[in-house]
Protein chains: 2
Amino acid sequence: MAADEAPSKARLRLWLRLLKVTRKVEGRLRERLRTEFATTLPRFDVMSALNRHDQGLKMSELSGVLKVSNGNVTGIVDRLVEEGLVIRGAVEGDRRANLVRLTRKGHEHFAVQAREHEAWIDEMLADMPANESENLAHRLDALVQALEEPESKK
Amino acid sequence: MAADEAPSKARLRLWLRLLKVTRKVEGRLRERLRTEFATTLPRFDVMSALNRHDQGLKMSELSGVLKVSNGNVTGIVDRLVEEGLVIRGAVEGDRRANLVRLTRKGHEHFAVQAREHEAWIDEMLADMPANESENLAHRLDALVQALEEPESKK
DNA sequence: CACAAAAATTTTATGCTTGAAATATAGCGG
DNA sequence: CCGCTATATTTCAAGCATAAAATTTTTGTG
């Protein structure tokens, strides 16, 4: 084993594994959300973000939090508005922006979905002991940190 | 700390972290593939699968390997065929199916892309020592195993 | 052989996603 | 107040993704 070949391959394997787990879990969540609540993961994500920010979020803040494009959020919010789950309100003193918030109905729907969502995750990751979960989460967090600052080493 | 509340929350955190890391890395890969090779992640994935199976794969095998829907693969392969990177061949004795393979051009393109791809991953996960990568990969693999068999405990 | 069930694939409808272009408003320097 | 630059959002074109319906071919089974 070369002192140089191994690390790269090991990291590639790690990445492929990460991808596999994530896709698998995402797929299950997607299916459950569809069959049990007639909704989708992106919609759940948007509602989750709005639930954490009860004072509302601007479209750009929403796309920032979710790490998706601006135009993407427009479409998802449009549909949620049609169904009366969220509302677009005016921003005091800035007619360009608007503040998106959950409606009462949106809050109620989300509460139910979030409870189930947590249970599904718990079930899917059941083989993972709590302390090991924490451990893994920390390592992954370190990775996220490193990725956040691409070239801050100026 | 309740003996019951913690595990579920810890697992939820783990899941959210997994999602964050994966999306971040995926986003970077996507951008690189686009700017440097004018291609996309799904196309790369398809070519990667075909590269590992030089004798070719049927459409259904391809969607099985990649864990995406049948109809999805149809569209991606269509575009790769248009660009002369893959070909659809007949399957001996079954006119329903067809065998998808990389063309010579496809092989050449993929070789270049795969080399870069591995380097990008290596760079992004640089903070992760090789042995820790292996460790993590193994834990994740256990998770995948558990997820593969949903109710095999009949 | 006939014909129903199964298998391989494509088509269709709908929604997600992106990057880029377009639109509209804000805010600043002169 | 004019005009420029920046900010907030939407629109647009293209591709990705899924589930369900449709198509074509194969494979039993009587």
Side-chain angles (χ1 to χ4, degrees), chain A residues 19 22-24 26-47 49 56-83 85-86 88-100, chain B residues 19 22-24 26-47 49 56-83 85-86 88-100:
Chain A
L19 203 52
T22 304
R23 285 192 179 167
K24 194 89 191 171
E26 264 193 319
R28 297 256 182 118
L29 289 180
R30 219 182 286 279
E31 188 185 341
R32 295 269 211 161
L33 285 172
R34 183 176 59 85
T35 59
E36 303 199 12
F37 297 123
T39 189
T40 65
L41 204 45
R43 288 155 68 113
F44 179 82
D45 289 345
V46 166
M47 293 182 73
L57 285 173
K58 293 195 296 181
M59 292 299 282
S60 48
E61 291 173 335
L62 204 40
S63 66
V65 167
L66 300 177
K67 313 271 193 205
V68 298
S69 66
N70 273 344
N72 189 353
V73 175
T74 297
I76 298 169
V77 168
D78 281 352
R79 286 171 213 113
L80 291 174
V81 167
E82 277 176 18
E83 294 178 32
L85 297 169
V86 314
R88 275 190 241 248
V91 169
E92 180 76 17
D94 190 341
R95 275 180 297 181
R96 292 170 304 180
N98 49 46
L99 209 56
V100 185
Chain B
L19 204 52
T22 305
R23 284 191 180 166
K24 194 87 189 172
E26 263 192 321
R28 297 255 183 118
L29 289 180
R30 218 182 289 280
E31 187 185 341
R32 295 270 212 161
L33 284 172
R34 182 176 60 85
T35 59
E36 302 198 12
F37 297 122
T39 189
T40 65
L41 205 43
R43 288 154 69 113
F44 179 82
D45 288 344
V46 166
M47 292 181 73
L57 284 173
K58 293 195 295 182
M59 292 299 281
S60 47
E61 291 174 335
L62 204 39
S63 65
V65 167
L66 301 177
K67 313 272 192 204
V68 298
S69 66
N70 274 343
N72 189 354
V73 175
T74 297
I76 298 169
V77 168
D78 281 353
R79 283 169 216 115
L80 291 174
V81 167
E82 276 175 20
E83 294 177 33
L85 297 169
V86 315
R88 275 191 240 246
V91 168
E92 181 78 17
D94 189 342
R95 276 179 297 180
R96 292 171 304 182
N98 50 46
L99 209 57
V100 185

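Atom CG in B:L57 sits roughly 10 Å away from atom P in C:dT9 (whole-Å rounding). What separates CG of B:L62 from P of C:dT10 is a distance of 11 Å, to the nearest Å. Here the P atom of nucleotide C:dT14 and the CZ atom of A:R30 are 19 Å apart, to the nearest Å. What separates CD of A:E26 from C1' of D:dC16 is a distance of 14 Å, to the nearest Å. Going from atom CG of B:D94 over to atom C1' of D:dT25 covers 7 Å, rounded to whole Å. Atom pair A:E31:CD and D:dA17:C1' shows a separation of 14 Å (rounding to whole Å applied). Between the C1' atom of D:dT18 and the CG atom of A:L41 lies a distance of 13 Å, rounded to the nearest Å. With rounding to whole Å, A:F37 atom CZ is found 20 Å from C:dG15 atom C1'.
Checking C:dT10, C:dT25, D:dA8 against the side-chain heavy atoms of A:R95 singles out C:dT25 as nearest. Side chain of A:A97, nearest nucleotide from D:dT9, D:dT10, C:dT9: D:dT9. For B:N98, the side-chain atoms get nearest to C:dT10 when compared with the rest of D:dG15, C:dT10, D:dT18. Taking only side-chain atoms of B:P42, from C-beta outward, the nucleotide of C:dA8, D:dC16, D:dT26 with the closest atom is D:dC16.
If A:V73 and B:N72 are placed on DNA chain C by their nearest nucleotide, the residue sitting closer to the 5' end is B:N72. Comparing A:E61 and B:R43 by the nucleotide of DNA chain D whose heavy atom lies nearest to each, the residue mapping closer to the 5' end is A:E61. In this structure, A:G75 and A:R34 both approach DNA chain D, and ranking their closest nucleotides by distance from the 5' end singles out A:G75.
We find the CD1-CZ distance between B:I76 and B:R43 to be 9.0 Å, quoted to the nearest 0.5 Å. Interatomic distance, B:E26 CD to A:K67 NZ, rounded to the nearest 0.5 Å: 15.0 Å.
Within 4.0 Å of A:R23, counting heavy atoms only, lies no atom of the nucleic acid at all. Within the nucleic acid shown, A:I76 comes within 4.0 Å of sugar-phosphate atoms alone, with no base atom in reach, counting heavy atoms only. Residue B:S69 is in base contact, counting any heavy-atom pair closer than 4.0 Å across all strands shown.
Checked by atom type and distance alone, the side chain of A:T22 never pairs as donor or acceptor with a backbone atom of A:L19 at under 3.5 Å.
For A:R96 and D:dT7, a side-chain-to-base donor-acceptor distance below 3.5 Å is present, hydrogens and geometry of angles not being considered.
Within the 4.5 Å cutoff, the side chain of B:L99 has heavy atoms near those of the B:K58 side chain. The side-chain heavy atoms of B:M59 and B:V100, taken from C-beta on, include a pair separated by under 4.5 Å.
The shortest distance between the side-chain N/O atoms of B:N70 and the OP1/OP2 oxygens of C:dT9 is not below 4.0 Å. Of the side-chain N and O atoms in B:T40, one or more sit less than 4.0 angstrom from OP1 or OP2 of D:dC16.
Between A:V73 and A:L62, the shortest heavy-atom contact is CG1-CD2, 3.8 Å.
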